[in-house]
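Scope of the values below: all heavy atoms of this structure, side chains included, with no hydrogens, waters or symmetry mates.
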Amino acid sequence: MTTLTLSKAINEGLRKALEDDPKVVVMGEDVGKVGGVFRVTDGLQKDFGESRVVDTPLAESGIVGTAVGLALRGYRPVCEIQFDGFVFPGFDQIVNQVAKLHNRSAGLVRMPITIRIPSGGGCAASPPG
């Protein structure tokens, strides 16, 4: 049995998802050239291109809002919010769009969105204040 770090296991899972489904898009701050928090997305942009592994501006609300739009168009976005303390600006979309659109549409609208938010690992992001 192969032993992997959590970061490497997530990287391999993302790689498999990108290989298997052309509608999977990874997006977030520094997920491309830098390789994401704890280097979880390392090498993915090189292998799948900038249109599938997208470095976004520092705007959590925009990241999640863009994911909602992509999901509505049939994509399967995977968002990375750099740290748990930074998620608050995107929380409106998470609660009022991602979590409710499926229910409000009687199941007609699907939100196949993954939102990854690292927590712990020896790093801390202070909450906005």
Side-chain angles (χ1 to χ4, degrees):
M1 183 164 99
T2 304
T3 301
L4 299 174
T5 64
L6 181 59
S7 295
K8 184 64 177 165
I10 296 170
N11 179 281
E12 288 190 12
L14 290 171
R15 179 172 298 282
K16 179 91 170 100
L18 286 159
E19 288 170 351
D20 290 352
D21 187 347
K23 294 287 192 173
V24 171
V25 177
V26 176
M27 55 192 290
E29 300 159 3
D30 299 326
V31 298
K33 290 181 179 33
V34 175
V37 177
F38 307 119
R39 304 300 171 258
V40 166
T41 56
D42 196 32
L44 297 179
Q45 189 179 64
K46 179 179 70 71
D47 295 341
F48 296 97
E50 293 181 10
S51 64
R52 301 267 322 274
V53 182
V54 181
D55 281 318
T56 66
L58 301 176
E60 290 76 8
S61 178
I63 294 168
V64 179
T66 299
V68 169
L70 286 167
L72 287 169
R73 299 296 297 164
Y75 287 86
R76 301 180 63 81
V78 178
C79 304
E80 178 182 288
I81 305 298
Q82 278 200 338
F83 294 104
D84 57 356
F86 300 153
V87 73
F88 300 105
F91 223 70
D92 177 57
Q93 284 85 2
I94 293 170
V95 172
N96 290 307
Q97 294 172 352
V98 177
K100 293 181 182 176
L101 275 171
H102 181 75
N103 189 1
R104 288 180 179 167
S105 68
L108 297 176
V109 174
R110 297 186 41 93
M111 287 283 110
I113 299 172
T114 300
I115 302 173
R116 292 190 328 89
I117 307 172
S119 181
C123 296
S126 60

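By the salt bridge (Lys or Arg N to Asp or Glu O under 4.0 Å) test, Asp47 is found to be paired with Arg15, residues two or more places apart in sequence or in another chain being considered. Every residue two or more places apart in sequence or in another chain that forms a salt bridge (Lys or Arg N to Asp or Glu O under 4.0 Å) with Lys16 is listed here: Asp20. Contacts of Glu50 classified as side chain to side chain donor-acceptor pair (under 3.5 Å), with partners at least two apart in sequence or in another chain: Lys33. Residues forming a side chain to side chain donor-acceptor pair (under 3.5 Å) with Glu80 (at least two apart in sequence, or on another chain): Arg116. Every residue two or more places apart in sequence or in another chain was checked for a side chain to side chain donor-acceptor pair (under 3.5 Å) with Glu29, and none qualifies.
Within the structure, side chain to side chain donor-acceptor pair (under 3.5 Å) contacts touching residues 54-78 (residues at least two apart or in different chains) are Ser61-Gln93.
Across Pro77 and Met27, no two heavy atoms sit closer than the pair CB-SD, 4.2 Å. Closest heavy-atom contact between Leu18 and Val53: CD1-CG2, 4.2 Å. The minimum heavy-atom distance between Lys8 and Leu4, with the atom names listed, is CG-CD2, 3.8 Å. A pairwise comparison of heavy atoms in Ser105 and Val109 identifies OG-N, 2.8 Å as the closest pair. Taking every heavy atom of both residues into account, Asn11 and Thr41 meet most closely at ND2-C, 3.7 Å.
Under the 4.5 Å side-chain heavy-atom criterion for grouping Ile, Leu, Val, Met, Phe, Trp and Tyr, Val68 is connected to Val95 within one hydrophobic cluster. Leu58 and Ile117 fall into different hydrophobic clusters, where Ile, Leu, Val, Met, Phe, Trp and Tyr side chains are chained together by heavy-atom contacts under 4.5 Å. Residues Ile113 and Leu72 fall within the same hydrophobic cluster, defined by Ile, Leu, Val, Met, Phe, Trp and Tyr side chains chained together at heavy-atom separations under 4.5 Å. By the criterion of side-chain heavy atoms lying less than 4.5 angstrom apart, applied directly or through intervening Ile, Leu, Val, Met, Phe, Trp or Tyr residues, Phe91 is grouped together with Ile81 in one hydrophobic cluster. Both Leu14 and Leu6 sit in one connected hydrophobic cluster of ILVMFWY residues. Membership requires side-chain heavy atoms under 4.5 Å apart, directly or through other members.
Between the side chain of Arg52 and the backbone N or O of Val24, at least one donor-acceptor pair lies under 3.5 Å. Checked by atom type and distance alone, the side chain of Arg39 pairs as donor or acceptor with a backbone atom of Gly36 at under 3.5 Å.
Interatomic distance, CD of Gln45 versus OG of Ser51, reported as 9.5 Å (0.5 Å rounding). For the atom pair CZ (Phe38) and OG1 (Thr5), the distance works out to 11.5 Å, reported to the nearest 0.5 Å.
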